[in-house]
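Have a look at the structure below, then the notes.
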Amino acid sequence: MVSLLSRYLTDACRAELSTRVTPNGFRLMDVIRSGLRHADSSVGIYAPDGQSYDVFRELFEPALASFRAPFSAPRADLACLNPPAVVSTRIRMARNLVGHAFPAGMSSSDRLRVQEKISHACHCLADDFKGTVTPLSDVSQETLDDMITAQMAFGPQDKYMAAAGIHNDWPIGRSVFNTQDKQLSLWINEEDHLRVAVVMPGACVSACYQLMTRVIVRLAAHLDFCKDARLGFLTSCPSNVGSAMRVSYRVDLRRNAAQESHLQQLKSGGIIQIRDIAGEHAPRTGELIDISFRHRVGISETHMLRDIAALF
């Protein structure tokens, strides 16, 4: 597998970009450090701040284009899932705050400031979403391991993010907010300043999206999210730029045997992504998998919801 970094950072491009600096002082090496260290990375590029997308546009633009969803009418050939095989539906939103470096470029004091802002916003959700903000510095390793297994927290295990500097100062400035019913989880200072996830049992995209919309609107009343007029919401990894939303199904392949070959064809064609339920870079360990569409850049939330519904 050739990373997007290797594909698009030509010698001429590197010579051109190596003299540039963002207003926050970040250089090309801050963008490409992870991909240089790990040749097996699929992307290899992380933005240390929102301005990187403009300052290093000759690198980011082709990377964005590889994830850009082409305009298409509703497709009848996507159906690859049996509804009973869908264990749960998950919608994730990524957001970064205006005025702060992104996690790959943050200082420990900046992580604490972002943590404080988002934690305050989480407390403002309390009337409708009963939950608790937990600083990860306050939990034991055993408790954290249990929370990670339950996907209610995150750790510093991702080697690609570690190489980019995203795990620096661990666990300073990292917190999670989980509701009592476990349907809503907010991660503070993981790959982005804020990751919001809604999970519900079965195939229920509409209900998940309605809940997510309520949460994001409430948070936006207290937080200023980093958004570009042309690109949309800016994220650490270019694969998430735009709506910064990912919709996925957790699927039990044992209940989807008749459609599995079609599912694999869509994966081979670069249409869908199949991940282990433990996360993007985790190896496959069983019959439970996570399915989403690969192309998320330049696509509206409505389009994304329409396509995920077409998998039935």
Side-chain angles (χ1 to χ4, degrees), residues 81 85-95 103 115 118-119 122 125 129-162 166-167 170-171 173-205 207-209 211-212 214-216 219 235-237 239-240 244-256 272-293 296 308:
L81 296 179
V86 178
V87 178
S88 60
T89 303
R90 179 179 184 266
I91 295 181
R92 182 270 292 149
M93 292 280 197
R95 294 289 187 269
Q115 177 183 240
I118 298 179
S119 295
C122 289
L125 295 173
F129 304 98
K130 303 298 183 184
T132 303
V133 176
T134 304
L136 297 187
S137 57
D138 291 351
V139 301
S140 67
Q141 186 61 51
E142 181 180 5
T143 299
L144 178 60
D145 290 342
D146 289 342
M147 294 175 70
I148 291 172
T149 299
Q151 296 187 314
M152 307 305 287
F154 58 95
Q157 293 88 0
D158 189 293
K159 68 177 185 179
Y160 306 101
M161 290 196 286
I166 291 173
H167 293 333
W170 179 268
R174 279 76 168 194
S175 293
V176 294
F177 172 82
N178 294 304
T179 56
Q180 296 172 2
D181 60 11
K182 298 184 179 180
Q183 286 189 344
L184 173 65
S185 181
L186 282 75
W187 292 359
I188 302 173
N189 285 332
E190 193 229 13
E191 183 175 277
D192 294 291
H193 293 155
L194 176 62
R195 288 290 181 101
V196 184
V198 173
V199 180
M200 292 184 175
C204 55
V205 167
C208 270
Y209 184 68
L211 179 56
M212 176 64 78
R214 287 172 56 202
V215 173
I216 290 294
L219 292 171
T235 54
S236 293
C237 180
S239 66
N240 292 313
M245 184 173 85
R246 180 175 180 269
V247 187
S248 65
Y249 291 129
R250 177 172 291 188
V251 175
D252 187 341
L253 289 178
R254 293 167 296 186
R255 302 180 184 179
N256 206 66
I272 65 173
Q273 292 178 320
I274 300 178
R275 300 177 177 176
D276 186 80
I277 60 173
E280 180 178 4
H281 298 129
R284 283 276 299 277
T285 57
E287 297 301 314
L288 287 178
I289 59 171
D290 177 277
I291 295 176
S292 67
F293 280 88
R296 296 191 293 274
I308 200 78

Val247 side chain near Ser292 side chain, heavy-atom distance below 4.5 Å: no
Do Arg195 side-chain atoms and Ser185 backbone N/O form a donor-acceptor pair below 3.5 Å? no
Does any donor atom in the side chain of Ser175 or Gln115 lie under 3.5 Å from an acceptor atom in the other side chain? yes
Roughly how far, to the nearest 0.5 Å, is the CG atom of Leu219 from the CD1 atom of Ile118? 8.5 Å
Could you tell me the separation between the CG atom of Leu184 and the CD1 atom of Ile91, rounded to the nearest 0.5 Å? 12.0 Å
So Gln183 and Phe129, do their side chains get closer than 4.5 Å, heavy atoms only? no
Checking Arg90 against Gln151 for the side-chain hydrogen bond (donor to acceptor under 3.5 Å, both in side chains) test, could you report, in this order, the C-alpha distance in whole Å, the side-chain angles of both residues, the deciding distance, and whether it holds? CA-CA 12 Å; Arg90 179 179 184 266; Gln151 296 187 314; 5.9 Å; no
Is any side-chain heavy atom of Arg174 less than 4.5 Å from a side-chain heavy atom of Glu190? no
Pairwise side-chain contact, Arg95 with Asp192, heavy-atom cut-off 4.5 Å (strictly under): no
Given side-chain contact (heavy atoms from CB on, under 4.5 Å), test Glu142 with Met147 step by step and report yes or no. CA-CA 9 Å; Glu142 181 180 5; Met147 294 175 70; over 6 Å; no
By ring pair (Phe, Tyr, Trp, His ring centres under 6.0 Å), which residues pair with Phe154, not counting sequence neighbours? Trp170, Trp187
Could you list the residues that satisfy ring pair (Phe, Tyr, Trp, His ring centres under 6.0 Å) with Tyr249, not counting sequence neighbours? Phe312
Counting C-beta onward and ignoring hydrogens, is there a side-chain heavy-atom pair between Val251 and Leu81 closer than 4.5 Å? yes
On a heavy-atom basis, which atom in Met212 and which in Met93 lie closest, and how many Å separate them? SD-CG, 3.5 Å
Is the shortest side-chain heavy-atom distance between Leu211 and Met200 below 4.5 Å? yes
Heavy atoms only: give me the nearest Ser119-Ile188 pair and the separation to one decimal. OG-CD1, 3.7 Å
Correct closest heavy-atom pair for Met152 and Asn178 would be O-ND2, 2.9 Å
Does Asp276 reach the side chain of Ile289, with side-chain heavy atoms less than 4.5 Å apart? no
Set of residues satisfying salt bridge (charged side-chain N to carboxylate O under 4.0 Å, His left out) with respect to Arg246, sequence neighbours excluded: Asp290
Passing candidate, side chain to side chain contact (heavy atoms under 4.5 Å, CB included) with Leu136, options Leu144, Thr143, Asn189: Leu144
Glu287 vs Asp252, test: side-chain contact (heavy atoms from CB on, under 4.5 Å). Steps then yes/no. CA-CA 6 Å; Glu287 297 301 314; Asp252 187 341; 4.2 Å; yes
Pairwise distance SG(Cys122) to CG(Leu186) - rounded to 0.5 angstrom: 4.5 Å
Whether Asp158 side chain and Tyr160 backbone form a donor-acceptor pair below 3.5 Å: yes
Which atom names give the shortest non-hydrogen contact between Ser236 and Glu191, and what distance separates them? OG-O, 2.6 Å
Out of curiosity, Lys130 NZ to Thr179 OG1, how far, rounded to the nearest 0.5 Å? 12.0 Å
Side-chain contact, heavy-atom cut-off 4.5 Å: Phe177 with Thr132? no
Smallest heavy-atom separation, Thr89 atom then Cys208 atom, equals O-SG, 3.6 Å
